[in-house]
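Atoms considered below: every heavy atom in the structure, side chains included; atoms not considered: hydrogens, waters and symmetry mates.
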Amino acid sequence: MTKRHCLAFAVWCSLCCGAGTAQAAHPLVTDDAGTMGTGNTLVEFNGQYDHDDYEGVTTKVRELEVAVTYGVTDTVDFVIAAPYTDWSTRSDADGKASEDGIGDTSMEFKWRFYEQAGLSLALKPGMSLPTGDDDQSLGAGKATYQLYFVGTQEVEPWAFHLNLGYIRSNNTADERENIWHASVAGEVALNKDLHLVANVGTERNPAKGEDTHPAFLLGGLIYS
């Protein structure tokens, strides 16, 4: 029987400038429908480490991403993010390989078009530019596009979030180009500083011929 072991660790650090507060809730994958507010800026430094052992191949990936969110209006945010990736693989058959460099730069808007009685709805279109070297597995090699529907329902002390997305994943790696995403998240305020969160979701497998789609489940505490 083949055994697969995967360990992931992520750290986030953010700096918010202006009178408003950020609505995003790391480490959730699912976004909420909140926006920054006119003229407010959020700078995030996101770090992640992945370690994977599968069929005799050990893969390590270290990534640092800088993301800047700016409140264009009270209901529209603009986000730009650029990652730096360092990856390596080792196997008895092929030895060791490694690369590092800048990945694909992403840009997106979030438009909150509805807010009433605790329910907020938003659309989040975006794209990525092929700034990473696809020959070194640091980028897709082509521009990609995406559109997400984001919903948030708040019923104090609870909040629930829904994301439904379509990604046009143009690439040079002979992977699927039409990808769907679905995820939900929930959070409850234990007190004014501490939130308990949970998140579950799935996305279409980018590998052609694979009908098993990857899914995730995570939980944690957010202290602010």
Side-chain angles (χ1 to χ4, degrees), residues 2-13 24 26-31 43-69 79-108 124-148 163 165-183 199 201-218:
T2 300
K3 295 183 178 180
R4 184 166 186 172
H5 309 280
C6 181
L7 172 66
F9 176 73
V11 176
W12 294 271
C13 177
H26 286 309
L28 297 179
V29 174
T30 302
D31 198 4
V43 181
E44 298 173 278
F45 300 90
N46 305 319
Q48 182 164 324
Y49 171 76
D50 296 299
H51 181 105
D52 184 73
D53 288 317
Y54 184 59
E55 294 185 345
V57 180
T58 299
T59 303
K60 299 179 181 179
V61 181
R62 293 162 287 270
E63 182 174 281
L64 175 65
E65 180 186 69
V66 179
V68 179
T69 304
V79 185
I80 184 169
Y84 183 89
T85 302
D86 175 8
W87 66 263
S88 64
T89 61
R90 181 188 293 274
S91 68
D92 293 337
D94 300 322
K96 183 178 180 180
S98 64
E99 294 290 352
D100 64 274
I102 299 295
D104 289 346
T105 301
S106 64
M107 296 180 291
E108 62 187 25
K124 193 171 68 170
M127 66 177 299
S128 67
L129 302 176
T131 52
D133 190 336
D134 58 313
D135 290 333
Q136 297 179 349
S137 299
L138 297 172
K142 297 180 180 180
T144 66
Y145 307 91
Q146 64 185 36
L147 177 63
Y148 278 76
N163 285 185
Y166 168 75
I167 303 100
R168 177 62 180 181
S169 182
N170 301 320
N171 64 85
T172 59
D174 195 31
E175 294 182 337
R176 283 182 173 137
E177 296 183 338
N178 297 299
I179 306 296
W180 49 258
H181 170 98
S183 63
N199 199 177
T202 184
E203 195 166 272
R204 189 183 190 191
N205 197 322
K208 292 181 177 179
E210 291 290 342
D211 294 325
T212 301
H213 306 298
F216 70 90
L217 171 66
L218 65 86

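- With sequence neighbours excluded, no residue forms a salt bridge (Lys or Arg N to Asp or Glu O under 4.0 Å) with Lys96.
- Among residues at least two apart or in separate chains, salt bridge (Lys or Arg N to Asp or Glu O under 4.0 Å) pairs with a member in residues 201-210 are Asp174-Lys208.
- With contacts defined as side-chain heavy-atom distances shorter than 4.5 Å, the pair Leu218/Leu28 qualifies.
- A pairwise comparison of heavy atoms in Asn199 and Ser183 identifies ND2-CB, 4.5 Å as the closest pair.
- Residues Gln48 and Glu65 form no side-chain contact, since every pair of their non-hydrogen atoms from C-beta on lies 4.5 Å or further apart.
- The side chain to side chain contact (heavy atoms under 4.5 Å, CB included) test applied to Pro125 returns Phe109, Leu147, not counting sequence neighbours.
- Under the salt bridge (Lys or Arg N to Asp or Glu O under 4.0 Å) criterion, Arg168 pairs with Glu177, not counting sequence neighbours.
- In this structure, CZ on Phe216 lies 4.5 Å from OG1 on Thr30, to the nearest 0.5 angstrom.
- In this structure, the side chain to side chain donor-acceptor pair (under 3.5 Å) partners of Lys124, at least two apart in sequence or on a different chain, are Asp31.
- Considering only residues two or more places apart in sequence or on other chains, Asn171 meets the side chain to side chain donor-acceptor pair (under 3.5 Å) condition with none of them.
- With sequence neighbours left out, Thr105 forms a side chain to side chain donor-acceptor pair (under 3.5 Å) with Thr131.
- Nearest heavy atom pair, residue Pro206 against residue Ile179, reads CA-CD1, 4.0 Å.
- For Val61, the side chain to side chain contact (heavy atoms under 4.5 Å, CB included) partners at least two apart in sequence or on another chain are Asp50, Thr59, Thr85, Trp87.
- With rounding to the nearest 0.5 angstrom, the OG1 atom of Thr58 is 4.0 Å from the CG atom of Asp53.
- Between Pro83 and Asp104, the shortest heavy-atom distance links the atoms CD-O, 3.3 Å.
- Here the straight-line distance linking atom OH of Tyr84 with atom CG of Asp100 works out to 3.5 Å at 0.5 Å rounding.
- Every residue two or more places apart in sequence or in another chain that forms a salt bridge (Lys or Arg N to Asp or Glu O under 4.0 Å) with Asp86 is listed here: Arg62.
- Residues that satisfy the salt bridge (Lys or Arg N to Asp or Glu O under 4.0 Å) test with Asp92, not counting sequence neighbours, are absent from this structure.
- Residues satisfying the side chain to side chain contact (heavy atoms under 4.5 Å, CB included) criterion with Ala182, sequence neighbours excluded, are Leu164.
- Checked against side chain to side chain contact (heavy atoms under 4.5 Å, CB included), Ser98 has the following partners two or more places apart in sequence or in another chain: Ser88.
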